[in-house]
> 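Please see the structure below; I have some questions.
Keep in mind it's a predicted model, so treat the numbers as computed, not measured. Counting begins at 1 with the first residue of the sequence.
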Amino acid sequence: MNVMSSVMRGAHRLRCADLPLLSNFLSPPFLRCPVWSSAPPLTHLPTRKFAVKQVRGQKKDQKKLKAAKQEVEIRQGMTAAALAAAMNKDFDHVLEALLNTAVDLDSLEPDSVLEEKWIKEVVTRSGMKFRWAKLSESREKPNKDVGRRPPADPLRRSQIVSTEAGGITQHIGAFLVQLPTGEKITFLDTPGHAAFSSMRARGANATDIVILVVAADDGVMTQTVESIRHAKKAEVPIIVAVNKCDRPQADPARVKRELLAHGVICEELGGDVQAVHVSALKGENLSALTEATVALAEVLELKAEPGGAVEGLIIESRTDRGRGPVTTAIVQRGTLRRGCVLVAGRCWAKVRFLFDENGCAVMEAGPGAAVEVVGWKELPSAGELILEVESEQRAREVVEWRSHEEERQKLQEEHSAIQLKQQRHLEEYQRQRDELAHLSWRQRKAALYRANKTRFSMRPSEHAQSDELRLPLVIKGDVDGSVEAVLNILEGYDAQHQCQLEVVHFGVGDVSENDVNMAEAFGGSIYGFNVKASRSVQNLAAKKGVALHLHTIIYKLMEQLREELSSKLPPCVSETVIGEASVLATFDVSVGKKKVLVAGCRVQKGSLDRRLKFRLIRGRDALWEGSLSTLKQHKDDVQTVKTGMECGLSADAVVDFRPGDVIVCYEEKEVMQVTSWDPGF
């Protein structure tokens, strides 16, 4: 009763939240507790209550902390180490959680990929909950890209003409021609060399009319057929210009017949394609070509759209030492002015200067004009579409979005490749498991160790070492299209079995010291097309032993590359037959205490030279190769025996000569191998 009364007297000091605690004090075990047989002073009761409440608060915090750690974020294809990190545990904890399961713990490594059911099993056995990982909100970006304006019917594109040039033109040239009648035509001069297929494709896509220049003496070439294909794919009409008609061997009629086989039917043969005979060297009949172009433009009703946001196409790009990134662009819609904000691919620009084909500054460029644009933050690639946006902020948003999308697609491709590799690894692992299923786990471990002993014993550095021949390359070009052309040719390299060819770096601009350092690091060579190297760069390359090859003609660059690839190959042994002899009879000759078999022969072809090598052929089989110990004619030792003469010879080894055998005398020489790669020109 004393205890009860004491508690009740102190009850007025307790809050409602303490009522459950008070019930504990009133329970029978509490009453039977000998410690409370003598009633404690009332002044001690609140202190004890406060202490109990503080302990309860600590327990609540621990429970909250424990509850926060119970949920684990999981995803497909998690490794054991990743799962342990997500659970805030170590790798041993995962092993312990997988005890007494079907998982082979002996082969489980931190980087081993776990199946979905075992990931869930580990989390569940650890007393935690799992939830599937979701794409973070930071990656779920709204689409902020910019697109082309809808076409303004019935307007069409601007009047731009692409000429398929021959000779050794190696760049896209753009120039404006104003006719006496006032019409203006922009010509894109695309190279006709086989190496510049991408440039011709860009030229066809950017133009309204394609002028196909075909030499009257050479006829239709491979690149001519390719240009026809580009024009048809772009749905662009064609005008045929038969060039070099001033040469004696010119045959324009043959050119038209050859074009007929490729779907280009000239008007003389009942088609609708105009064909104009010209001579670019003498300037003959060029006015007729321009008149034909204007007439076709009028028939097609080609009109320009100078208003609205600018749209265009980058036909070439380069880095200028004084002006930075510079692009040559064709304006297709709108009017390009200084101060316009442009986006092309993952690059943007605020136009600082515009230059025409003569290098003169202009304030604006309308549809159909070809201008150089200065003001790019980075160098865009040739072939990119130019779109005008309203502000620099908008341009940054577009570039950021496009970069994000490109990175996302790249990660998705890498993820697919990783999944495929993991699937193959699991299939191989399962196959090995099935083969060793009848063994105990100790026997399996020993068998796997023996099977992979060599791989396990090798260091990573030893894996990297290889006896394969390789040639790393650093490629530099004056413009983006030149680099693209070189890389396209190298993509067709098919002599990897002889020498590995790999491009470790490529870029636009002159050769720099960084290029030399990179080539030295990889043990490679530098190839530059239409670029220069300063004296200091040349000295640095010579000091570090880096091969520096600079060319202005692409087929000479490829010839140099083929020579270097061939020089990497080991020499091969070339065999040249000097003579043949037939065995007429055999007989034994005593030399000291032993008998030597001698073959009596008649030389049928060429001559026999004792200093060279010989081969014994019986039927279709070669029975012996080696040297002669003696070669005699009329009992005299001789060095050579010519055609039609008889001789006796013996080998430097035991050889069973028989009548009817053929003895071949041949010479071996080491010759340099030549790479089997053919660039195609």
Side-chain angles (χ1 to χ4, degrees), residues 453-454 457-458 462 465-471 493-501 559 561-678:
K453 184 177 181 180
T454 305
S457 61
M458 290 178 63
E462 294 173 338
Q465 294 177 357
S466 175
D467 295 333
E468 292 182 349
L469 299 174
R470 53 192 294 269
L471 177 59
Y493 181 74
D494 56 359
Q496 301 286 357
H497 60 285
Q498 292 180 320
C499 180
Q500 295 287 333
L501 182 66
E559 288 177 359
L561 179 57
R562 290 190 76 248
E563 291 177 2
E564 186 170 5
L565 286 169
S566 300
S567 66
K568 291 278 185 180
L569 304 179
C572 61
V573 178
S574 175
E575 181 180 301
T576 304
V577 176
I578 304 300
E580 293 182 4
S582 58
V583 178
L584 303 178
T586 61
F587 48 91
D588 294 329
V589 176
S590 298
V591 179
K593 294 183 179 181
K594 64 178 182 178
K595 292 184 178 181
V596 177
L597 182 63
V598 176
C601 307
R602 178 180 291 116
V603 180
Q604 304 292 345
K605 296 179 183 179
S607 62
L608 304 184
D609 192 329
R610 180 181 174 182
R611 295 164 294 187
L612 303 180
K613 290 188 175 183
F614 289 79
R615 180 182 295 117
L616 173 62
I617 298 177
R618 183 174 298 157
R620 295 184 178 181
D621 301 326
L623 304 181
W624 165 79
E625 289 183 356
S627 303
L628 298 182
S629 59
T630 58
L631 178 62
K632 292 189 176 185
Q633 188 178 21
H634 303 302
K635 299 183 179 181
D636 298 328
D637 290 330
V638 293
Q639 291 290 340
T640 60
V641 180
K642 297 182 179 181
T643 303
M645 302 181 68
E646 296 182 352
C647 63
L649 55 86
S650 60
D652 59 354
V654 179
V655 180
D656 181 21
F657 293 111
R658 295 181 184 179
D661 291 346
V662 176
I663 298 176
V664 178
C665 176
Y666 64 94
E667 182 180 15
E668 290 183 343
K669 290 183 179 180
E670 285 190 351
V671 296
M672 295 299 298
Q673 286 194 66
V674 178
T675 179
S676 60
W677 175 53
D678 183 10

> What distance separates Leu623 CG from Asp656 CG, expressed to the nearest 0.5 Å?
8.5 Å
> So Trp677 and Asp494, do their side chains get closer than 4.5 Å, heavy atoms only?
yes
> Taking all heavy atoms of Ser566 and all of Met672, pick out the closest pair and write down the distance.
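Nearest heavy atoms, Ser566 then Met672: O-CE, 4.2 Å.
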> Starting at OG1 of Thr675, measure out to OH of Tyr493 and round the result to the nearest 0.5 Å.
4.5 Å
> Within the 4.5 Å heavy-atom criterion, are Val598 and Thr630 side-chain neighbours or not?
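A side-chain contact under 4.5 Å is absent here.
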> Under a 4.5 Å cut-off applied to non-hydrogen side-chain atoms, are Cys647 and Leu608 in contact?
yes
> Could you tell me the separation between the CD atom of Glu667 and the CD atom of Glu575, rounded to the nearest 0.5 Å?
10.5 Å
> Return the minimal non-hydrogen interatomic distance between Thr586 and Phe657, and the atom names on each side.
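Minimum heavy-atom contact is CG2-O, 3.4 Å.
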> Answer whether the closest heavy-atom distance between the side chains of Glu580 and Ile617 falls below 4.5 Å.
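A side-chain contact is absent here, since even the closest heavy-atom pair is not under 4.5 Å.
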> Do Leu469 and Pro570 come close enough that some side-chain heavy atom pair is under 4.5 Å?
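Yes, side chains in contact.
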> Quick one: CZ on Arg610 to OG1 on Thr640, what's the gap to the nearest 0.5 Å?
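Taking CZ in Arg610 and OG1 in Thr640, the distance rounds to 12.0 Å.
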> Calculate, to the nearest 0.5 Å, the distance between atoms CG and OG belonging to Leu597 and Ser650 respectively.
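Answer for the CG-OG pair, Leu597 versus Ser650, is 9.0 Å.
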> Search all heavy atoms of Ser629 against all heavy atoms of Ala651 and return the closest pair with its distance.
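It is OG-O, 3.2 Å.
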> How long is the span from the CG atom in Leu631 to the CG atom in Asp637, to the nearest 0.5 Å?
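The distance works out to 8.0 Å.
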> Using modelled atom types and a 3.5 Å cut-off, is there a donor and acceptor pairing between side-chain atoms of Gln633 and backbone atoms of Val641?
no
> Which heavy atom of Arg562 sits nearest to which heavy atom of Val674, and what is that distance?
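Scanning both residues completely, I find the closest heavy atoms to be NH2-CG1, 4.0 Å.
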> Please identify which of these residues, Pro571, Cys499, Cys572, meets the side chain to side chain contact (heavy atoms under 4.5 Å, CB included) condition with Gln673.
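Only one option passes, and that is Cys572.
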> Would Leu584 and Glu646 count as a side-chain contact (heavy atoms from CB on, under 4.5 Å) here? Give the steps.
CA-CA 9 Å; Leu584 303 178; Glu646 296 182 352; 3.9 Å; yes
> Is any side-chain heavy atom of Ile578 closer than 4.5 Å to a side-chain heavy atom of Phe614?
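No. Closest side-chain heavy atoms not under 4.5 Å.
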> Check whether any side-chain N or O of Gln639 sits under 3.5 Å from a backbone N or O of Asp609 as a donor-acceptor pair, and report yes or no.
no
> Do you know which two heavy atoms are closest between Val603 and Gly606, and how far apart they sit?
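In this case the closest contact between Val603 and Gly606 is CG1-O, 3.6 Å.
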> With a 4.5 Å heavy-atom cut-off, do Glu625 and Lys613 have their side chains touching?
no
> Considering all heavy atoms of both residues, which atom of Arg615 and which atom of Ala622 are nearest to each other, and what is their separation?
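Minimum heavy-atom separation between Arg615 and Ala622: CD-CB, 3.9 Å.
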